[in-house]
There are 2 protein chains.
Amino acid sequence: MKDQRRQRSKRATAEDVARHLGVSQSTISRAFTPAASVSDDMRRKVIEAAAQLGYQPNVIARSLITRRTNMVAIVIGNLVDPFYTTLLDTLMQHLRAAGKQTLLLSPGPGEHVDAVLPALLQYQVDGIIITSATLSSEMAQICAQRETPVVLLNRYVPGVDIQAVSCDNVLGGRQIAEHLVALGHQRFAFVAGQPDSSTSLDRQQGFVSTLAQLGFPSCAIEQGGEYSYEAGRTAAQRLLQREPPHAVFFASDIMAFGGMDAFREAGMEVPGDISVAGFNDVPAATWPAYSLTTIRHPLETMAQVVLRRLGLVPKEEPSCVGSTTLIRGELVIRSSTGPRRTPDKDSVQLVA
Amino acid sequence: MKDQRRQRSKRATAEDVARHLGVSQSTISRAFTPAASVSDDMRRKVIEAAAQLGYQPNVIARSLITRRTNMVAIVIGNLVDPFYTTLLDTLMQHLRAAGKQTLLLSPGPGEHVDAVLPALLQYQVDGIIITSATLSSEMAQICAQRETPVVLLNRYVPGVDIQAVSCDNVLGGRQIAEHLVALGHQRFAFVAGQPDSSTSLDRQQGFVSTLAQLGFPSCAIEQGGEYSYEAGRTAAQRLLQREPPHAVFFASDIMAFGGMDAFREAGMEVPGDISVAGFNDVPAATWPAYSLTTIRHPLETMAQVVLRRLGLVPKEEPSCVGSTTLIRGELVIRSSTGPRRTPDKDSVQLVA
DNA sequence: TTGAAAGCGATACCAA
DNA sequence: TTGGTATCGCTTTCAA
């Protein structure tokens with residue numbers, strides 16, 4: 001009696017449905033396998049009986065033999081920066097559409113991605129998406145050996161054989177530079193994010209080199225240290241201790257917000273006294289308090305490419321070659337950049 | 001030859017380690033089971049050999065028999081509102097500390113939580129955390145039957161037997177009301193969030209009833225419709241079409257930001273002309289552009305209670321009774337609220 | 001403390 | 001199209 005009640009409390013198995021219908025257990029399995037050969041009639045009967053008994057295939061048991069879990073892992077370094085949460089949102093929507101579950105991992109502060117991957121591989125995820133961080137080549141090799149496709153999103157490592165998808169940061173820096181020069185500015189500054197990240201370095205390079213090409217060989221570089229509001233703010237304050245630039249390009253929107261607030265606290269008007277541009281186009285960039293000129297990531301496209309690279313789009317093989325896809329971002333001009341209200345005399349002279 | 005290479009590419013199993021060491025496979029299993037009876041010597045040898053062969057226990061196979069996956073599911077409705085992503089961040093840190101992985105689900109727009117739960121139960125998660133949404137009593141019963149603990153976070157359903165953890169929203173509304181009255185305001189408004197959410201309703205009730213107790217029986221109620229910047233902004237614009245209040249309490253910070261921007265666009269100063277308060281204390285609430293007075297959720301405490309309710313804290317049983325834990329939030333006073341610069345005459349008269 | 005053997009709940013191959 | 005049967009990689013009695 002007690003045992004019976006216990007049995008009841010457990011979930012129904014394929015065996016239960018088979019007995020109920022007087023067929024073999026294999027048949028039940030087939031009814032739940034889209035490609036299997038079962039008569040429509042039988043499948044209908046099985047599905048019906050399953051619904052009645054509350055049977056659902058046990059994905060754990062299935063995974064044990066198929067070696068696929070229908071789960072994709074997303075490693076995300078930062079849940080505070082709205083850019084990454086927006087990116088996460090987009091990725092999850094696409095994964096859901098592809099019938100995949102999301103296993104989310106966020107390495108603790110100071111913890112390397114390499115440290116969380118083994119735990120991940122244990123779960124036999126069908127693919128791994130790593131945002132805002134990179135991977136050692138040893139770890140990449142282990143993943144390749146396990147045949148678990150990995151793709152780096154918003155980062156890439158030139159030397160290592162890992163797939164990567166990213167916005168074209170060099171181009172983004174160039175777009176910002178051209179825009180600021182077109183507005184007539186002559187003294188520029190760049191506020192860097194994480195010093196070792198390809199994102200920050202590329203944006204800087206695109207910005208600085210384009211400025212040089214356009215006839216402005218010097219650009220103040222201020223190290224922010226990290227992609228945060230506070231980092232942007234203090235960097236901006238340091239910037240003001242020297243001769244203030246006409247226009248500042250921050251490595252990310254959140255930093256730009258901090259910078260704008262610092263400039264305003266110093267009594268400056270944006271863009272009247274100083275123009276500010278960011279990168280990412282987070283939702284708050286549209287808010288009138290900031291109305292930030294920035295580069296918009298092609299999120300939808302990026303997500304599509306990532307899924308394709310993982311082999312999650314039907315007619316596509318996971319490509320294992322360590323190639324990098326760069327996607328062009330879009331310059332979004334808002335009111336944080338504009339011509340200067342009071343150009344200084346000597347600068348005008350320089351142009352003339 | 002080909003087969004051998006295939007074998008190599010697959011991950012090592014406990015069997016492989018056993019052969020390598022000349023012991024039984026059971027022994028390998030025991031070495032990886034903390035409570036099992038193995039000699040320290042043997043365990044050391046096994047761990048060492050495992051590391052050498054790159055063996056890690058297959059959690060899928062383990063889960064099949066133990067019926068526990070070490071995964072906890074978090075259902076989150078919104079990845080755009082920084083409050084929810086901050087909450088997610090806190091929860092994940094605590095789950096990680098408890099050795100649990102996070103399976104993240106975000107129902108699509110217009111999709112009910114009930115619809116995503118079956119998929120979740122298939123994965124045999126050890127617990128389910130649902131934020132910003134609720135659950136039908138049928139679904140709750142199914143979870144109870146499966147013995148999967150569920151806890152609602154930041155929501156609760158009075159009638160249904162589901163565990164819930166939430167900030168005390170009624171008290172929060174009261175705290176805001178008392179603060180605004182103490183500042184000398186006399187005409188109030190509340191901007192609601194999602195009309196059917198317990199969060200919005202409770203905040204409103206606490207606010208309105210406290211105002212009444214303090215001698216201000218009337219309070220304008222404006223329906224925002226949802227918890228978004230845009231909703232807050234348009235609600236504020238509607239509010240201004242009537243006689244503007246002295247102080248407005250928005251159901252969430254993000255709405256309050258939209259409201260403040262709308263007020264400023266209308267030429268009003270905050271708090272000189274109008275005081276604004278929010279709820280949640282998201283990171284941006286500290287930014288000088290807003291510097292928002294709000295209620296801070298006790299995130300750490302909430303996360304701890306949730307884990308305890310799920311039975312994830314060692315010496316704690318998952319409590320299956322559908323009780324609700326309300327935790328007191330903290331009033332954080334910033335500069336979006338303050339005394340009015342120019343009190344109108346007739347209002348002053350009312351007080352006298 | 002260790003080894004042998006019986007499952008866990010499915011999939012997949014081979015006959016029928 | 002269906003029914004048997006051998007896995008998948010581990011945990012868990014039960015003996016030794």
Side-chain angles (χ1 to χ4, degrees), chain A residues 3 6-7 9-47 49-50 53-71 121-124 126 146-147, chain B residues 3 6-7 9-47 49-50 53-71 121-124 126 146-147:
Chain A
D3 280 357
R6 261 213 180 147
Q7 289 284 17
S9 95
K10 280 186 181 155
R11 36 189 309 192
T13 72
E15 191 65 47
D16 297 334
V17 183
R19 264 202 306 274
H20 183 87
L21 248 44
V23 298
S24 81
Q25 184 264 334
S26 320
T27 301
I28 311 303
S29 172
R30 290 194 187 98
F32 283 91
T33 309
S37 68
V38 213
S39 65
D40 292 353
D41 194 50
M42 177 63 92
R43 175 169 276 146
R44 208 170 23 71
K45 265 165 50 184
V46 171
I47 301 288
L53 297 179
Y55 167 77
Q56 281 188 299
N58 183 327
V59 296
I60 304 287
R62 170 183 293 168
S63 296
L64 182 57
I65 188 157
T66 62
R67 296 160 185 288
R68 322 215 316 66
T69 52
N70 259 301
M71 295 193 300
L121 290 172
Q122 280 196 305
Y123 278 87
Q124 252 146 287
D126 296 348
R146 289 273 178 78
E147 297 178 358
Chain B
D3 280 358
R6 261 217 181 144
Q7 290 285 15
S9 96
K10 284 190 178 150
R11 35 187 311 189
T13 71
E15 191 65 47
D16 297 334
V17 182
R19 264 201 307 273
H20 183 87
L21 249 45
V23 298
S24 80
Q25 181 265 330
S26 323
T27 301
I28 311 303
S29 170
R30 291 193 184 98
F32 283 93
T33 309
S37 67
V38 213
S39 67
D40 291 353
D41 195 49
M42 177 63 91
R43 175 168 276 145
R44 207 170 25 69
K45 264 165 49 185
V46 170
I47 300 289
L53 297 179
Y55 168 77
Q56 280 188 303
N58 182 325
V59 295
I60 303 286
R62 171 182 290 168
S63 295
L64 183 56
I65 187 159
T66 62
R67 295 159 185 289
R68 320 213 325 54
T69 51
N70 258 303
M71 295 193 299
L121 290 172
Q122 279 197 304
Y123 278 86
Q124 252 143 286
D126 296 349
R146 287 272 178 78
E147 296 178 359

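Chain identifiers are assigned alphabetically (A, B, ...) following the order of the sequence lines, protein sequences preceding nucleic acid strands; residue numbering begins at 1 within each chain.
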Discussion item. Quick check: on DNA chain C, is the nucleotide nearest A:Leu64 upstream (toward 5') of the one nearest A:Arg30, or the reverse? Name the residue that is more 5'.
Written reply: A:Leu64

Discussion item. Any non-hydrogen side-chain atom of A:Ile28 less than 4.5 Å from a side-chain atom of A:Val23?
Written reply: yes

Worksheet item: With a non-hydrogen cut-off below 4.0 angstrom, is A:Ser26 in contact with a base, only sugar-phosphate, or nothing?
Response: base

Discussion item. Just the rounded figure in Å: distance from P of D:dT1 to CZ of A:Arg44.
Written reply: 15 Å

Discussion item. Using side-chain heavy atoms (C-beta onward) and a distance below 4.5 Å, is A:Arg11 in contact with B:Gln124?
Written reply: yes

Practice prompt. Give a yes or no on whether a donor-acceptor pair under 3.5 Å exists between the nucleobase atoms of C:dG9, that is its base, and the side chain of A:Arg11.
Written response: no

Worksheet item: Closest nucleotide of DNA chain D for A:Gln25 versus for A:Met42: which of these residues is on the 5' side?
Response: A:Met42

Worksheet item: Looking across every strand, which nucleic acid part, if any, lies under 4.0 Å from B:Ser29 by heavy atom: base, sugar-phosphate, or nothing?
Response: base

Fill in: Options C:dG9, D:dG9, C:dT11, nucleotide nearest the side-chain atoms of B:Asn58
D:dG9

Fill in: Spacing between B:Glu15 atom CD and D:dT7 atom P, to the nearest angstrom
13 Å

Item to complete: Scan A:Val23 against the nucleic acid and name what it touches under 4.0 Å (heavy atoms): base, sugar-phosphate only, or nothing.
Response: sugar-phosphate

Response to the item:
Taken to the nearest whole Å, CD/B:Gln122 to P/C:dG9 is 14 Å

Worksheet entry | Any B:Thr27 side-chain nitrogen or oxygen under 4.0 Å from OP1 or OP2 of C:dG3 | yes

Worksheet item: B:Asn70 CG to D:dC10 P: how many Å, rounded?
Response: 16 Å

Worksheet item: For D:dT2, does OP1 or OP2 lie under 4.0 Å from any side-chain N or O of A:Ser39?
Response: yes

Item to complete: Using whole Å, report how far CD of A:Gln124 lies from P of D:dC8.
Response: 13 Å

Discussion item. Measure CD1/A:Ile60 against P/C:dT11 and give the value in whole Å, please.
Written reply: 13 Å

Worksheet item: B:Ser37 near the nucleic acid: base, sugar-phosphate alone, or nothing, with a heavy-atom cut-off under 4.0 Å?
Response: base

Worksheet item: Taking the nucleotide of DNA chain D with the closest heavy atom to each, which residue, B:Ile65 or A:Val38, is nearer the 5' end?
Response: A:Val38

Worksheet item: Hey, does A:Tyr55 reach any base, or is it just sugar-phosphate, or nothing, if we go heavy atoms under 4.0 Å?
Response: sugar-phosphate

Item to complete: Could you check A:Thr27 against A:Ser24 for side-chain hydrogen bond (donor to acceptor under 3.5 Å, both in side chains), going step by step and ending with a plain yes or no?
Response: CA-CA 5 Å; A:Thr27 301; A:Ser24 81; 3.2 Å; yes

Worksheet item: Would you say B:Tyr123's side chain and A:Thr69's backbone share a donor-acceptor pair under 3.5 angstrom?
Response: yes

Worksheet item: Any sub-3.5 Å donor-acceptor pair from B:Arg43's side-chain atoms to B:Arg30's backbone N or O?
Response: yes

Practice prompt. For A:Arg67, report the nucleic acid contact type (base, sugar-phosphate, nothing); a contact means any heavy atom under 4.0 Å.
Written response: sugar-phosphate

Item to complete: Keeping the roles fixed (side chain from A:Gln122, backbone from B:Pro57), state whether a donor-acceptor pair exists under 3.5 Å.
Response: yes

Worksheet item: B:Ala14 has a side chain; which of D:dG9, D:dC10, C:dA10 sits nearest to it?
Response: D:dC10

Worksheet entry | Length of the line joining B:Arg68:CZ and C:dC8:P, which is rounded to integer Å | 19 Å

